[in-house]
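Read the structure below first, then the notes.
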Amino acid sequence: MQNDERIRRARPDDVPAIVDLVYGLAEYERAPDECRLTAEQLQAALFGEKPAVFCHVAETGGEVVGCALWFLNFSTWRGVHGIYLEDLFVRPEQRGSGLGKALLIALAQECVANGYERLEWSVLDWNTPAIDFYKSLGALPQDEWTTFRLTDVALTQLGS
């Protein structure tokens with residue numbers, strides 16, 4: 001599959017735009033007050049001494065209008081790494097232009113090129129447009145799994 005020239009790896013000067021996109025995603029997901037990401041945090045995570053987070057961006061007209069933030073996970077059953085897609089977001093005015101699909105293709109290419117056997121992500125149950133889009137690409141929901149999370153007080157109590 002041919003590379004889409006609108007998609008590239010993020011560069012340090014993209015960080016402010018990516019942070020803005022993450023806040024746009026938080027707004028879309030009806031949780032704007034939960035997003036606390038700073039440019040400094042993202043700069044360190046993406047471009048610090050030992051980056052553990054990676055990012056592809058979608059660019060049109062010299063402007064970053066979409067992003068896919070991801071990190072490696074590991075499947076003990078398969079014995080190899082995979083990619084966990086933390087955030088995929090394309091500005092509303094750019095949706096329908098193929099950028100979301102192009103970002104996912106870029107991540108699938110990362111998997112294939114590196115021998116990773118999974119590309120996984122979560123989607124909110126109410127986000128029917130996204131669910132339909134992902135299914136159209138051949139992605140399958142993992143209905144037999146329930147996500148659990150520890151944060152804030154519960155995490156502190158358990159870890160103290």
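None of these values were measured; they are calculated from a predicted model.
- Counting all heavy atoms, side chain and backbone alike, Cys55 lies closest to Leu69 at CB-CD2, 3.7 Å.
- Every residue meeting the side chain to side chain contact (heavy atoms under 4.5 Å, CB included) condition with Cys35, not counting sequence neighbours, appears here in chain and number order: Val22, Tyr23, Ala26, Leu37.
- Using cut-offs of 30° and 60° on the angle between ring planes, the pair Tyr116 and His81 is perpendicular.
- Contact detail for Ala17 and Val64: the closest heavy-atom pair is CB-CB, 3.9 Å.
- Considering all non-hydrogen atoms of both residues, Val90 and Gly100 come closest at CG2-N, 3.8 Å.
- Sorted by first and then second residue, the pairs that involve residues 9-21 and meet salt bridge (Lys or Arg N to Asp or Glu O under 4.0 Å), not counting sequence neighbours, are Arg8-Asp14, Arg9-Glu110, Arg11-Asp13, Asp20-Arg91.
- Asp87 meets the side-chain hydrogen bond (donor to acceptor under 3.5 Å, both in side chains) test with no other residue; sequence neighbours excluded.
- Partners of Tyr84 according to the side-chain hydrogen bond (donor to acceptor under 3.5 Å, both in side chains) rule, which considers only residues two or more places apart in sequence or in another chain, are Ser122.
- Here the shortest heavy-atom pairing between Arg6 and Ser97 reads NH1-O, 3.0 Å.
- Listed here is the closest heavy atom pair of Arg95 and Tyr28: NH1-CE1, 4.0 Å.
- By the side-chain hydrogen bond (donor to acceptor under 3.5 Å, both in side chains) test, Glu86 pairs with no residue at all, sequence neighbours left out.
- Minimum heavy-atom separation, Cys67 to Ile18: SG-CG2, 4.3 Å.
- For Phe47, the side chain to side chain contact (heavy atoms under 4.5 Å, CB included) criterion is met by Ala10, Pro12, Val15, Gln43, not counting sequence neighbours.
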